[in-house]
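Bear in mind that the values here come from a model prediction, so they are computed numbers and not experimental data. Along the sequence shown, residues carry numbers from 1.
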Amino acid sequence: MQGAHTNEGEHMAEKTYVEDINTSLYDFRYEEKDEDFYKVDSGLTPEIVEKISSEKDDPEWMRQFRLKSLEIYNKISVPGWGPSIDGLNMDNIVTYVRPKTKMGAKWSDVPADIKETFEKLGIPQAERESLAGVGAQYDSELVYHNVKEEVAAQGVIYSDLESAMKGPYAEMIESHFMKLVPPTDHKFAALHGAVWSGGSFVYVPKGVTVEIPLQSYFRLNAPGAGQFEHTLIIVDEEADLHFIEGCSAPKYNVANLHAGCVELFVGKNARLRYSTIENWSKNMYNLNTKRSIVEEGGIMEWVSGSFGSHTSFLYPMTILKGDNSKMEFMGITFAGEGQDLDTGMKVVHTGANTSSFVNTKSISKSGGINTFRSAVVIGKDAKGAKSSVSCASLMLDRVSRSDTIPAIDVRCDDADVGHEAKIGKISDDAIFYLMSRGISEEDARAMIVSGFANNVSKELPLEYAVEMNNLINIEMKGTIG
């Protein structure tokens, strides 16, 4: 610094320090003793895939599907765009780890250390207080599943996918499984098709409204492991559902991989809200694929919070197939030190008078990188289609980065499409104004960040209010520097 004199704005900029999101809540872990857990060898071979299939007692069509997916995986290249995933070596990833315990509908039957994990994460408490049903996955398998009697009495099916695949809904699952996200979609979709394990199946019958949310929570505890759960949700005509997905993992010094898949089918005049709170640790490669298809008059709502992982590729996609169908997407992403989060969404309008509304916010600090990618496709028959995409980025220091990469493809002359992007930093003038009104610098910065995130974060489910306060309400500290 030249000279002894600095103005007030420079001094404030120098002494400002914004803490990373505190993920220590999730960093507890349990040593996985060999006698308590079954795992396959690391790497990816036909023998390992056959072993997973055998462990799961797959029907023959699924065994063949897995092996075909592995063939596709070996032929497809890693994407040549986006963040580097060079640190991910599939030879070192264990694709299947399961506790030696049967899934139970009674919380008392879950082994003590697994139970303690979910107690710390607030899962049983959330279930007792405000959820219609809960599925808890630990590593590669669901260890707990329960659905309230009054919801089951409505004919709602909420089960682990493996059980459902062998029951009365077997044909429904076979006709929908990886039809929205085929293994040919990209390399990690093929990987998922080969080694998927765990996840949920939900079917909401015609005309049924599920008044309170269903929830799945995915916890990856094992170091060097992958988690590949598959979520399949079918909401029939005139039905209504809110589904919540939560994810976390402790921090290890080896790469972990999450390559799950979510397929959502929204029937005629039905509505589905899918909320995700994802707080993976910073050694996680999050390569998840989510896709929905919406029939005539249906509504698809996405609410997405991405706060963790070392590297993310995450772009939930919606196909507005039916006339007058709608999609809303609300998302918030926080990238701190060592994080490169490439997120966004894609929407394809094929029906007439369809509409999509997108509002995302991203926050980056300490060299964190946020990239927002959007793709809006208006098909030739999507007359009267409307799409509005708004993304705003806030950088909290000079070493962070935010980029916006929109793609718009309009093949119909009767469409209304808009895109707005804003990238900025916290204004010293705004801080100075708030401080002149008696508000501390820390509180002023917290107010600005919370206000920036507010219209997205308020859409996140109430059950996650405490977690969201910890994640969004970033701790601000002033230090003399």
Side-chain angles (χ1 to χ4, degrees), residues 103-107 109 118 122-137 142-177 179-180 198-218 229-246 262-277 290 292-303 322 325-328 459-464:
M103 185 182 63
K106 286 186 180 176
W107 187 244
D109 293 340
F118 287 108
I123 305 309
Q125 181 182 345
E127 175 199 358
R128 288 193 293 268
E129 292 176 359
S130 52
L131 297 171
V134 172
Q137 179 158 334
L142 264 78
V143 293
Y144 172 70
H145 213 286
N146 195 15
V147 64
K148 289 194 173 176
E149 287 180 13
E150 55 267 40
V151 176
Q154 291 180 288
V156 175
I157 304 301
Y158 179 31
S159 130
D160 67 293
L161 192 56
E162 283 96 335
S163 296
M165 201 164 57
K166 298 161 192 166
Y169 290 87
E171 283 187 26
M172 182 183 286
I173 291 170
E174 185 174 355
S175 64
H176 288 80
F177 185 86
K179 294 298 192 290
L180 271 183
S200 298
F201 170 66
V202 179
Y203 172 68
V204 184
K206 186 174 179 179
V208 170
T209 294
V210 183
E211 298 286 353
I212 43 182
L214 299 177
Q215 172 181 283
S216 279
Y217 201 98
F218 301 104
E229 81 285 347
H230 193 96
T231 300
L232 175 60
I233 300 178
I234 300 169
V235 183
D236 215 330
E237 295 184 15
E238 310 279 347
D240 193 301
L241 173 68
H242 181 190
F243 191 88
I244 303 167
E245 173 188 74
V262 175
E263 297 185 290
L264 310 173
F265 295 83
V266 183
K268 183 177 178 182
N269 297 322
R271 172 184 169 270
L272 172 60
R273 170 171 278 215
Y274 194 91
S275 299
T276 304
I277 310 297
K290 302 182 179 186
S292 70
I293 188 164
V294 190
E295 303 295 339
E296 181 185 347
I299 299 171
M300 179 69 219
E301 298 174 355
W302 299 93
V303 182
S325 55
K326 299 177 181 176
M327 183 275 280
E328 287 192 19
E459 294 294 328
L460 290 158
L462 187 61
E463 304 81 56
Y464 280 89

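With contacts defined as side-chain heavy-atom distances shorter than 4.5 Å, the pair Tyr274/His242 does not qualify. Put simply, the side chain of Phe201 does not reach to within 4.5 Å of the side chain of Glu162, judged on heavy atoms. Within the 4.5 Å cutoff, no side-chain heavy atoms of Phe265 are placed close to those of Ser292. The shortest side-chain heavy-atom distance between Ser325 and Met327 does not fall under the 4.5 Å cut-off. The closest side-chain heavy-atom distance from Val204 to Val210 is below 4.5 Å.
Note: Ser200 OG to Tyr158 OH = 4.0 Å, rounded to the nearest 0.5 Å. To the nearest 0.5 Å, the span separating CD1 on Ile233 from NE2 on His176 amounts to 12.5 Å. Atom CG of Leu232 sits about 6.0 Å away from atom CD of Glu263, to the nearest 0.5 Å.
Looking at Lys290 and Thr231, their side chains never bring a donor and an acceptor atom within 3.5 Å of each other.
A side chain to side chain contact (heavy atoms under 4.5 Å, CB included) with Tyr203 holds for exactly one of Leu241, Val208, Ile157; it is Ile157.
Closest heavy-atom contact between Ala239 and Pro205: CB-O, 3.4 Å. When all heavy atoms of Leu180 and Leu264 are compared, the closest pair comes out as CD1-O, 3.5 Å. Here the closest non-hydrogen pair linking Val235 and Asp240 is CG1-N, 4.1 Å. Taking every heavy atom of both residues into account, Lys179 and Glu174 meet most closely at NZ-O, 3.2 Å. Between Arg271 and Val266, the closest heavy-atom pair is N-CG1, 4.3 Å. The two residues Met165 and Ile173 have their closest heavy-atom pair at N-CD1, 3.6 Å.
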Item to complete: Could you walk me through whether Glu295 and Lys268 pass the salt bridge (Lys or Arg N to Asp or Glu O under 4.0 Å) test, one step at a time?
Response: CA-CA 5 Å; Glu295 303 295 339; Lys268 183 177 178 182; over 6 Å; no

Item to complete: Could you walk me through whether Met172 and Ile234 pass side chain to side chain contact (heavy atoms under 4.5 Å, CB included), step by step?
Response: CA-CA 9 Å; Met172 182 183 286; Ile234 300 169; 3.5 Å; yes

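A donor-acceptor contact shorter than 3.5 Å is absent between the side chain of Ser163 and the backbone of Asp160. Counting only distance, with no hydrogens or angles, the side chain of Gln154 and the backbone of Thr209 share a donor-acceptor pair below 3.5 Å.
Centroid-to-centroid, the aromatic rings of His230 and Phe177 come within less than 6.0 Å.
Using a cut-off of 4.0 Å between Lys/Arg side-chain N and Asp/Glu carboxylate O, Lys206 and Glu238 are scored as not salt-bridged.
Residues passing the side chain to side chain contact (heavy atoms under 4.5 Å, CB included) test with Lys166 are Asp57, sequence neighbours excluded.
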